[in-house]
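Heads up, the thing below is written out as structure tokens.
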Amino acid sequence: MPLTPMSDSLLYLRDLTVDFRLPGGMMRAVDRVSFNVAPGEILGIVGESGSGKSQILFSLMGLLAGNGRVSGQALFQGQDLLSLSSTALDRMRGVSLSMIFQDPMTSLNPYMRIGAQLAEGLVVHKGMGRAEAARAAIAMLDRVRIPDAARRARQYPHQFSGGMRQRVMIAMALLVRPALLLADEPTTALDVTIQAQVLDLIAELAREAGTAVILVTHDLGVVARLCDRMIVLYGGRVMEQGPCETVFAAPAHPYASALLAATPRLTDALTPRLGTIPGTPRSGGTMLPGCPFAPRCTVKIAACETEQPPLHPLAPGHDAACHLIGAAP
Ligand SMILES: Nc1ncnc2c1ncn2[C@@H]1O[C@H](COP(=O)(O)OP(=O)(O)OP(=O)(O)O)[C@@H](O)[C@H]1O
Ligand SMILES: [Mg+2]
């Protein structure tokens, strides 16, 4: 593994593996994924449905399904998130680690006024006085462009539209200025026309607060526009990772190339979605002995079916897991 903990890394993930127990046996959803997140950095994770994106975030938040088992290491501010007790994780969740879900109602309390919900985090976790916290909550609602924020703060979640609730959740996640924000397809439930605006807002507020973000998305246009680095995941494994500029300009892995080639022009006014590439995405179940992408790869060699390619370093911070890299042309 070329990856080592960097002295400046905020999150150091090493060999994160997620297995699910199923009636027919075990199924590996995430296979020895390693990466670093630097403070304030925005990291995009892309990959087709089922590639393991959500399970990476769930395991970091201690929210894996009951039949799931995680192994590996996730060092965050000196502690391994994977071995923290639920109490310790709870404490961390409110202060230095936040998550934005697809459905805002997952994190909003329907019986509590919006302003009070936002202020609570500041009172409980930051020791702020009630009046000061209430003022900060209103200012944040204003920041996420909720019109008439002072009046809206006295309302309940059901009085907000879906889009407005999503903004409230973003406000709540970022108000405590967490060191790391985990966002899993945070706008898919929203109208397409406002998705880009809301993502831009997340990035803007995170940059302002110095919050690092792991953003899971299907949308390569979003990655190109907002992320510093990206990870391309397939079949639970990292196929390629690197600075967005480099990966977009010269993807090294055949899967990453196919994904980018199949995506409509990044300059299109409409944000491009992941394109379709030939073949069927790997469905959960048997782990192949070789590269998970081999069955769909048009340039594979014999070793691809039998041996797992390790991540080859291409440049500092840019790696790809493909047998063809470094092989004679
Ligand atoms: N509780 C579970 N039991 C068994 N398998 C599961 C469970 N939860 C998820 N999986 C499987 O784990 C794999 C990875 O799932 P994950 O939700 O991380 O995919 P994803 O990349 O987030 O996909 P999407 O883009 O559709 O959200 C999938 O094959 C999925 O079916
Ligand atoms: Mg998902």
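Read the numbers this way: they start at 1 and go in the same order the structure lists the ligands and their atoms. Just so we're clear, the structure is a prediction, and the values are computed from it rather than from any experiment.
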**Report entry** Proximal ligand 1 atoms for S51, defined as those under 4.0 Å from one of its heavy atoms
**Finding:** 19 (O), 21 (O)
Requested in this report: Check whether any heavy atom of G52 sits under 4.0 Å from an atom of ligand 1.
Outcome: yes
Report task. Return yes if some donor-acceptor pair links the side-chain N/O of R152 with the main-chain N/O of Q159 below 3.5 Å, else return no. Result -> yes
Query raised in the report: Does G50 reach ligand 1 with a nitrogen or oxygen that is under 3.5 Å from one of the ligand's nitrogen or oxygen atoms?
Result: yes
Query - Subset of ligand 1 atoms that lie under 4.0 Å from at least one heavy atom of N67 - result: 1 (N), 2 (C), 3 (N), 4 (C)
**Report entry** Nearest atoms (heavy-atom pairs only) where A212 meets V37
**Finding:** CB-CG1, 3.9 Å
Query - Donor-acceptor under 3.5 Å (T246 side chain, G242 main chain) - result: no
Query - Part of L22 with heavy atoms under 4.0 Å of ligand 1, whether side chain, backbone, both or neither - result: side chain
Query raised in the report: Between S49 and ligand 1, does any nitrogen or oxygen pair lie at a separation below 3.5 Å?
Result: yes
Query raised in the report: Hey, does A29 come in under 3.5 Å of ligand 1, counting only N/O atoms on both sides?
Result: no
Query raised in the report: Around atom CZ of R207, are there more than 12 heavy atoms of other residues, nucleotides or ligands at under 6.0 Å?
Result: yes
Query raised in the report: Is any N, O or S atom of S49 under 2.8 Å away from the Mg ion (ligand 2)?
Result: no
Requested in this report: Please say whether more than 12 non-hydrogen atoms of neighbouring residues, nucleotides or ligands are located less than 6.0 Å from CD in Q73.
Outcome: yes
Report summary line: Filtering K53, M27, Q55, E48 for the heavy atom nearest atom 11 (C) of ligand 1 leaves M27
Report summary line: Quick note on ligand 1: atoms under 4.0 Å from a heavy atom of A65 include exactly 1 (N)
Query - Polar side-chain atom of T211 near backbone of L180 as donor-acceptor pair, under 3.5 Å - result: no
Query raised in the report: Does any N or O in the side chain of K53 come within less than 3.5 Å of the main-chain N or O of E48, such that one atom is a donor and the other an acceptor?
Result: yes
Report task. Have a look at ligand 1 and work out which part of V30, if any, has a heavy atom under 4.0 Å from it: side chain, backbone, both or neither. Result -> neither
Requested in this report: Heavy-atom contacts with H218 under 4.0 Å: which atoms of ligand 1 show up? List them by number with element.
Outcome: 25 (O)
Query - Between OH on residue Y255 and SG on residue C322, distance to nearest 0.5 Å - result: 14.0 Å
